Amino acid sequence: MNVEKMRSALKTFDCTRIVLWLLIVIGIYLRLKVYFSNQSFWLDECALGININKTTSYLDFFKPLSMWQCAPPLFLIVCKVILEISNQAGHLYNQDLMLRLFPLICSIVSLILFAVYMNKITQNKLLILTSVAILTFNVAAINYAQEFKQYSCEMMFALILLMIF
């Protein structure tokens, strides 16, 4: 009888793990699909992009930005580094994709971190799968993966802090 219980527990564990990874892969696919649609920047994103393009010193990101923009300096620095490394400044289509790359990466990492976090705080497999599914299919979280704003980065850092503390 104990052998049967162990087999059913292993099947449940494997099935849960497979469904969890499937949800994460679907979430990554949805975020990449929205990212590569490369929708036009809206006013706030344009203003941040102009600040990144015209700023010559990284220290300037710690000062007030022009056009009344606010964004964390680390976010701006990372985005400028990605833009400089990719050498896409001035190429409008590719420049927009490069500026959105850091939020995309943060959104994808957040999916994985959230699954790990949920596994740490609860052993309820149904709760873990449900909560990861909610984040996977959350329209706002998917949309933030392709916006040149710090929202998905804040979600990733919040999850890191929750896991640390």
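Not measured: the values here are computed from a predicted model.
Considering every non-hydrogen atom in both L65 and A71, the closest pair reads CD1-N, 4.4 Å. Of all heavy-atom pairs spanning M98 and S86, the tightest one is CG-OG, 3.2 Å. Closest heavy-atom contact between M163 and K120: O-NZ, 4.2 Å. Minimum interatomic distance between T122 and N124 (heavy atoms only, all atoms of both residues): OG1-N, 3.1 Å.
The backbone N or O of F75 sits nowhere less than 3.5 Å from a side-chain atom of Q150 that would complete a donor-acceptor pair. Using modelled atom types, no side-chain atom of S152 and backbone atom of C106 make a donor-acceptor pair closer than 3.5 Å. The closest donor-acceptor contact from the side chain of K80 to the backbone of I52 lies under 3.5 Å. At distances below 3.5 Å, not a single donor-acceptor pair connects side-chain atoms of E84 with backbone N or O atoms of V81. At distances below 3.5 Å, not a single donor-acceptor pair connects side-chain atoms of Y117 with backbone N or O atoms of L159. Looking only at distances, no side-chain donor or acceptor of Q146 sits under 3.5 Å from a matching main-chain atom of I142. Under the 3.5 Å distance criterion, the side-chain polar atoms of S107 are left unmatched by any main-chain donor or acceptor of L104. In this structure a side-chain-to-backbone donor-acceptor pair under 3.5 Å is present from R31 to T136.
How far CG of L76 is from CG of D60: 11.0 Å, rounded to the nearest 0.5 Å. Distance check: F102 CZ to I77 CD1 gives 11.0 Å after rounding to the nearest 0.5 Å. In this structure, the separation between CD1 on I82 and CG on L97 is 12.0 Å, given to the nearest 0.5 Å. Within the model, atoms OH of Y58 and CG of L74 stand 12.0 Å from one another, a figure rounded to the nearest 0.5 Å.
By the 4.5 Å heavy-atom criterion applied to side chains, L127 and Q123 are not counted as neighbours. Taking 4.5 Å as the limit, some side-chain heavy atom of L30 sits within range of a side-chain heavy atom of I26. By the 4.5 Å heavy-atom criterion applied to side chains, I105 and V109 are counted as neighbours. Side-chain contact between L99 and F41 is present, with heavy atoms from C-beta onward closer than 4.5 Å.
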- Item | Stepwise side-chain contact (heavy atoms from CB on, under 4.5 Å) test for R100 and N38 | CA-CA 9 Å; R100 290 179 173 140; N38 199 16; 2.7 Å; yes
- Message: Evaluate Q95 against N53 for side-chain contact (heavy atoms from CB on, under 4.5 Å), listing each step before the verdict.
- Response: CA-CA 10 Å; Q95 176 178 303; N53 278 328; 2.9 Å; yes
- Task: Please report the C-alpha distance between L162 and L113 in whole Å, then the side-chain angles of each, then the deciding distance to 0.1 Å, and finally whether the side-chain contact (heavy atoms from CB on, under 4.5 Å) criterion is met.
- Result: CA-CA 10 Å; L162 282 170; L113 287 176; over 6 Å; no
- Item | Worked check of side-chain contact (heavy atoms from CB on, under 4.5 Å) between E147 and V34 | CA-CA 10 Å; E147 283 191 18; V34 170; over 6 Å; no
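Under the side chain to side chain contact (heavy atoms under 4.5 Å, CB included) test applied with I128, the options L20, T16, V116 reduce to a single match, L20.
Hydrophobic clustering of Ile, Leu, Val, Met, Phe, Trp and Tyr side chains at less than 4.5 Å, counting indirect connections, keeps V25 apart from I112. One hydrophobic cluster, built from ILVMFWY side chains closer than 4.5 Å, cannot hold both Y151 and M156; they sit in different ones. No continuous path of ILVMFWY side-chain contacts below 4.5 Å connects M118 to L126, so the two sit in separate hydrophobic clusters. A single hydrophobic cluster is not seen to contain both F62 and I50; linkage of ILVMFWY side chains at heavy-atom distances under 4.5 Å, directly or through other members, places them apart. Under a hydrophobic clustering in which Ile, Leu, Val, Met, Phe, Trp and Tyr are joined whenever their side-chain heavy atoms come within less than 4.5 Å, directly or via other members, F148 and Y144 fall into different clusters.
Atom CH2 of W42 is surrounded by more than 12 heavy atoms from other residues, nucleotides or ligands within 6.0 Å. By the neighbour-count criterion of 12 heavy atoms within 6.0 Å, atom OH of Y29 is sparsely surrounded, having that number or fewer from other residues, nucleotides or ligands.
With no hydrogens or angles considered, a side-chain donor-acceptor pair links S66 and N51 at under 3.5 Å.
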